[in-house]
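Every chain is numbered from 1 and lettered A, B, ... according to where its sequence line falls, protein lines coming before strand lines.
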Protein chains: 2
Amino acid sequence: MVIDSPAKADRDRLNLVFAALSDPIRRGMLEQLAAGETSISRLAEPYDVSQPAISKHMRVLERAGLISRTKQGREHRIRVNTAPIEQARGWIGVYARLWKEQFDAVDEYLKIRRKRKGHNT
Amino acid sequence: MVIDSPAKADRDRLNLVFAALSDPIRRGMLEQLAAGETSISRLAEPYDVSQPAISKHMRVLERAGLISRTKQGREHRIRVNTAPIEQARGWIGVYARLWKEQFDAVDEYLKIRRKRKGHNT
DNA sequence: AGAATCAATAACCATATGGTTATATATTGC
DNA sequence: GCAATATATAACCATATGGTTATTGATTCT
């Protein structure tokens with residue numbers, strides 16, 4: 001049983017979102033954005049990488065639609081977009097539940113078997 | 001404000017889990033596993049790629065801890081492991097909530113401002 | 001006006017990725 | 001016993017990734 005595949009655009013977006021989340025620096029940046037909008041240089045502070053590397057990470061997050069930016073003077077103000085992360089959460093939520101149900105069914109079945117065996121012994 | 005970073009092992013695992021989820025073929029395989037344990041050749045059926053490509057995808061899922069396998073004759077029986085996906089869900093859940101609270105705070109603030117402006121007009 | 005700061009891009013590098021074909025091994029079915 | 005099936009790995013290929021230094025342009029600060 002496979003739930004209807006999402007539209008191609010949604011699939012492509014999920015590719016980008018999960019890919020963006022696969023790097024600890026990018027996850028760390030999103031974690032920082034939980035505290036609110038901030039600048040790129042502030043987001044970069046915890047990391048010992050070059051500024052062009054930071055720029056690349058920002059690009060990946062942006063391509064995934066996870067952040068958007070405005071410019072104030074020379075500073076880019078970065079904020080998180082929740083829609084793509086909700087989409088990822090939705091995907092995981094649906095399947096985590098189905099996977100868990102599968103395990104619960106197995107557990108239930110094993111429980112019954114154990115009770116029967118115990119009884120027979 | 002940044003929530004305490006998880007242990008390095010947890011971080012590395014999240015890297016692998018999100019990376020594994022960034023490919024539509026691998027997500028599709030996990031979706032199929034929601035229906036229960038199955039063979040690799042069955043998981044491969046919907047895809048028009050070579051068998052070694054399938055093997056590589058299985059390897060990525062396995063390295064992320066998302067699946068485990070047993071062997072029955074020549075067939076590998078694949079099942080999903082829920083722990084890593086729960087870990088990813090946990091990470092997304094924590095931050096999705098924080099990001100949303102951030103937007104709710106902004107919305108609330110803008111609402112109050114709009115009411116004041118409307119009143120003054 | 002010029003230094004300092006913020007950030008992007010180009011070019012380069014090493015490694016990883018996702019596909020292929022060829023080949024090998026294990027197991028089942030006839 | 002041999003063909004068929006299931007699956008892994010090697011080698012190859014094109015592309016992507018994540019880092020670097022150098023350079024550039026925009027903006028702010030002194």
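Between A:L43 atom CG and C:dC6 atom P there is a gap of 13 Å when expressed in whole angstrom units. Rounded to whole Å, the distance from NZ on A:K56 to C1' on D:dT21 is 12 Å. Going from atom NZ of B:K71 over to atom P of C:dT25 covers 14 Å, rounded to whole Å. For the pair B:I67 CD1 and D:dT7 P, the interatomic distance rounds to 11 Å; values are reported in whole Å. Put simply, CZ on A:R63 is 10 Å from P on D:dA16, counting in whole angstrom units. One interatomic measurement links the two molecules: NE2 of A:H76 to P of D:dG25, which rounds to 15 Å at whole-angstrom precision. Here the C1' atom of nucleotide C:dC6 and the CD atom of A:E45 are 13 Å apart, to the nearest Å. Rounded to whole Å, the distance from CG on B:D23 to C1' on D:dA16 is 13 Å.
When the nearest nucleotides of DNA chain D are assigned to B:M58 and A:P52 by heavy-atom distance, the more 5′-ward of the two goes with B:M58.
When heavy atoms are screened at a 4.0 angstrom cut-off, B:I25 is found touching the sugar-phosphate backbone but no base atom. A:S55 comes within contact range of at least one nucleobase, with a heavy-atom separation under 4.0 Å. Among the heavy atoms of the strands lying under 4.0 Å from B:Q51 is at least one base atom, whether or not backbone atoms are also near. Residue-level contact check: A:R26 touches the backbone only, with heavy atoms under 4.0 Å from sugar-phosphate atoms and none from bases.
Under the 4.5 Å side-chain heavy-atom criterion for ILVMFWY residues, no single connected hydrophobic cluster contains both B:I85 and B:V60. A single hydrophobic cluster is not seen to contain both A:L16 and A:L30; linkage of ILVMFWY side chains at heavy-atom distances under 4.5 Å, directly or through other members, places them apart.
Under the 30°/60° scheme for interplanar angles, the aromatic rings of B:F18 and A:F18 are found to lie parallel.
Using a 4.0 Å cut-off, no side-chain N or O of A:H57 falls inside it from OP1 or OP2 of D:dT17. Remark: B:S50 is not in phosphate contact with C:dT21, judged by side-chain N or O atoms under 4.0 Å from OP1 or OP2.
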Dump the pairs, protein N or O against N or O of nucleotides 28-30 of chain D, anything under 3.5 Å, distances to one decimal.
residue: D:dT28; atom: O4'; partner: A:R74; partner atom: NH1; Å: 3.2

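Scanning all heavy atoms of the two residues, the minimum distance from A:G93 to B:R89 falls at CA-NH1, 3.8 Å. The minimum heavy-atom distance between A:A64 and A:R13, with the atom names listed, is O-CD, 3.2 Å. A:L66 approaches A:L21 most closely through the heavy-atom pair CD1-CD2, 4.5 Å.
Classification of A:D23 and A:R27 as a salt-bridged pair fails, no side-chain N sitting under 4.0 Å from a carboxylate O.
Counting only N and O atoms by type, the side chains of A:S68 and A:N81 include a donor and acceptor under 3.5 Å apart.
Partners of B:R69 by side chain to side chain contact (heavy atoms under 4.5 Å, CB included), not counting sequence neighbours, listed by chain and number: B:I40, B:M58, B:E62, B:H76, B:I78.
The number of heavy-atom neighbours closer than 6.0 Å to CZ of A:R42, taken from other residues, nucleotides and ligands shown, is 12 or below.
Helical stems of DNA chain D (runs of at least 3 Watson-Crick or G-U pairs, donor-acceptor distances under 3.5 Å) are listed by first residue: C:1-30 with D:1-30.
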